[in-house]
Amino acid sequence: MATKSVQKREADGKCDAPPQKKQFGHWSQGLKSSMDDPELRIDADEKIVIIKDKYPKAKFHFLLLPKISIPNLKSLTKEHVELLQHIEKKGKALAKKSDPNLEFRFGYHAVPSMSLLHMHVISQDFDSPCLKNKKHWNSFTTEYFVDSSDIIKQLQERGRVELDTSRFQEMLKRNLRCHVCKKDLPTIPALKTHIKLHSYSKKS
DNA sequence: GTTCTAGAAC
DNA sequence: GTTCTAGAAC
């Protein structure tokens, strides 16, 4: 017998079913169109574009991209140090403007899913309905997330970025662990309940 | 990157 | 029984 299909919508549906604009090319090229999307683009200067992450994983989550097309971290050379310093400086100013008392991190995914080099600016509350799975969590709270300052330091010291790619697969599959107190949590819902107990304010 | 959903886990 | 995860998507 055919039962009525359930209209199952998440209670926190803010992350679901965004208006599907026509995307050209593979999904991994999505940042290219996001850069020009007035809904997402919040600022730009002569060197970079700043957009909101389309699926923010925290209260504040932005992406900063160079206007010149840099594919990934491996493409970086000493010539890019000034550009990356500019990106980090702009990112920190944006964080301060967004909420001066909130903790933020500034960095890059070791193996990003999306093409075009982009620095994440993300508040450390990780309070968002778009944060849904282990990969999301571990990509921002393990060494998979590489601080901008570390990237710049490597470029200055060695002229390129070297990352131990053999460890990344394992990092994303690690057990869920609170980034503040290191407590292990069994599930994503339990983790999300737990991390609400911490303060992410710089002032205490 | 996301959506969808089978079946594991409880 | 429901909750939750993890893999396919041509």
Side-chain angles (χ1 to χ4, degrees), chain A residues 1-42 48-66 69-75 87 91 105-123 126-146 148 163 165 167-179 183-196:
Chain A
M1 102 189 95
T3 49
K4 183 175 60 178
S5 69
V6 184
Q7 295 178 1
K8 184 161 175 280
R9 286 288 100 191
E10 303 270 332
D12 55 23
K14 287 174 186 173
C15 202
D16 296 330
Q20 294 286 339
K21 294 176 182 175
K22 278 208 172 172
Q23 298 288 332
F24 289 94
H26 192 250
W27 57 260
S28 63
Q29 306 302 312
L31 286 181
K32 199 167 167 56
S33 40
S34 292
M35 287 173 81
D36 299 321
D37 184 343
E39 294 285 320
L40 298 175
R41 182 164 169 154
I42 61 170
I48 67 169
V49 173
I50 305 180
I51 62 176
K52 291 188 286 189
D53 192 292
K54 196 170 181 179
Y55 299 91
K57 305 302 188 295
K59 282 179 179 164
F60 297 99
H61 187 184
F62 307 103
L63 305 179
L64 283 71
L65 303 92
S69 180
I70 300 175
N72 50 51
L73 291 170
K74 289 178 189 167
S75 314
I87 289 172
R105 283 185 76 187
F106 312 88
Y108 300 81
H109 278 154
V111 185
S113 297
M114 306 293 269
S115 295
L116 295 184
L117 187 76
H118 55 282
M119 188 189 79
H120 292 266
V121 171
I122 185 161
S123 58
F126 295 111
D127 177 6
S128 166
C130 298
L131 200 161
K132 292 180 172 179
N133 60 47
K134 182 176 278 189
K135 180 175 180 179
H136 291 156
W137 181 253
N138 284 339
S139 74
F140 285 102
T141 60
T142 68
E143 307 91 85
Y144 196 92
F145 189 89
V146 188
S148 170
L163 297 169
T165 54
R167 301 171 57 225
F168 297 142
Q169 197 80 349
E170 167 268 324
M171 284 178 200
L172 295 178
K173 293 185 175 178
R174 278 189 206 162
N175 291 341
L176 299 170
R177 174 170 286 191
C178 173
H179 60 317
K183 178 182 171 66
D184 283 312
L185 283 307
T187 63
I188 288 286
L191 174 72
K192 296 189 80 149
T193 299
H194 171 85
I195 61 177
K196 284 184 179 139

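Treat the numbers as computed from the prediction; the structure is a model and nothing was measured. Chain naming here is simple, since letters A, B, ... match the order of the sequence lines and numbering starts at 1 in each.
- Among the atoms of the strands shown, none is found under 4.0 Å from any heavy atom of A:Pro112.
- Legend: residues meeting side-chain hydrogen bond (donor to acceptor under 3.5 Å, both in side chains) with A:Thr193, ordered by chain and number and at least two apart, are absent.
- If you check every strand for non-hydrogen atoms under 4.0 Å, A:Ser28 touches nothing.
- With C:dT5, B:dT2, B:dT3 as the choices, the nucleotide that has an atom nearest any side-chain atom of A:Lys132 turns out to be B:dT3.
- Protein atom CG of A:Leu131 is 11 Å distant from nucleotide atom P of C:dT5, rounded to whole Å.
- Across the protein-nucleic acid pair, A:His26 atom NE2 and B:dG1 atom C1' stand 9 Å apart, rounded to whole Å.
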**Prompt:** Between A:Phe126 and A:His136, does a ring-ring contact (aromatic ring centres under 6.0 Å, His included) hold up when you go through it step by step?
**Reply:** CA-CA 10 Å; A:Phe126 295 111; A:His136 291 156; over 10 Å; no

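- Protein atom CG of A:Asn133 is 10 Å distant from nucleotide atom C1' of B:dT2, rounded to whole Å.
- Per the geometry, NZ belonging to A:Lys134 stands 20 Å off P belonging to C:dT3, to the nearest Å.
- For A:Lys74, the side-chain contact (heavy atoms from CB on, under 4.5 Å) partners at least two apart in sequence or on another chain are A:Asn72.
- For the side-chain contact (heavy atoms from CB on, under 4.5 Å) test, residues two or more places apart in sequence or in another chain that qualify with A:Thr142 are A:Asn138, A:Tyr144, A:Met171, A:Arg174.
- Every residue meeting the side-chain hydrogen bond (donor to acceptor under 3.5 Å, both in side chains) condition with A:His194, not counting sequence neighbours, appears here in chain and number order: A:His198.
- Checking each of A:Ile122, A:Asp53, A:Ile50, A:Leu40 against A:Leu63 for a side chain to side chain contact (heavy atoms under 4.5 Å, CB included) leaves exactly one that passes, namely A:Asp53.
- The phosphate of C:dA6 (OP1 or OP2) has no side-chain N or O of A:Lys173 nearer than 4.0 angstrom.
- Between A:Leu191 atom CG and C:dT5 atom P there is a gap of 10 Å when expressed in whole angstrom units.
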**Request:** For DNA chain B, just give me the dot-bracket, please: Watson-Crick or G-U, both distances below 3.5 Å, ( ) intra-strand, [ ] crossing earlier pairs, | paired with another strand, . unpaired.
**Result:** .|||||||||

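- Between the NZ atom of A:Lys54 and the P atom of B:dT2 there is a distance of 10 Å, given to the nearest Å.
- Checked against C:dT5, C:dA6, B:dG1, the side chain of A:Thr187 finds its nearest nucleotide in C:dT5.
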Check: protein-nucleotides 8-10 of chain C nitrogen or oxygen pairs below 3.5 Å:
none

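- Under the side-chain contact (heavy atoms from CB on, under 4.5 Å) criterion, A:Lys135 pairs with A:Ser113, A:Asn133, A:Leu172, not counting sequence neighbours.
- Not counting sequence neighbours, A:Ser69 has no partner by the side-chain hydrogen bond (donor to acceptor under 3.5 Å, both in side chains) test.
- For A:His136, a side-chain nitrogen or oxygen approaches OP1 or OP2 of B:dT2 to under 4.0 Å.
- Nucleic acid contact class of A:His118 (heavy atoms, under 4.0 Å, all strands): none.
- A:Ser34 pairs by the side-chain hydrogen bond (donor to acceptor under 3.5 Å, both in side chains) definition with nothing, not counting sequence neighbours.
- One atom, CG of A:Leu63, and another, P of B:dG1, lie 11 Å apart when rounded to the nearest Å.
- The side chain of A:Lys32 places no N or O atom within less than 4.0 Å of a non-bridging phosphate oxygen (OP1 or OP2) of B:dG1.
- When heavy atoms are screened at a 4.0 angstrom cut-off, A:Leu31 is found touching no nucleic acid atom at all.
- Nucleotide B:dG1 holds its P atom 15 Å from the CG atom of A:Leu116, rounded to whole Å.
- Dense packing is recorded around NZ of A:Lys134, with more than 12 heavy atoms of other residues, nucleotides or ligands lying under 6.0 Å away.
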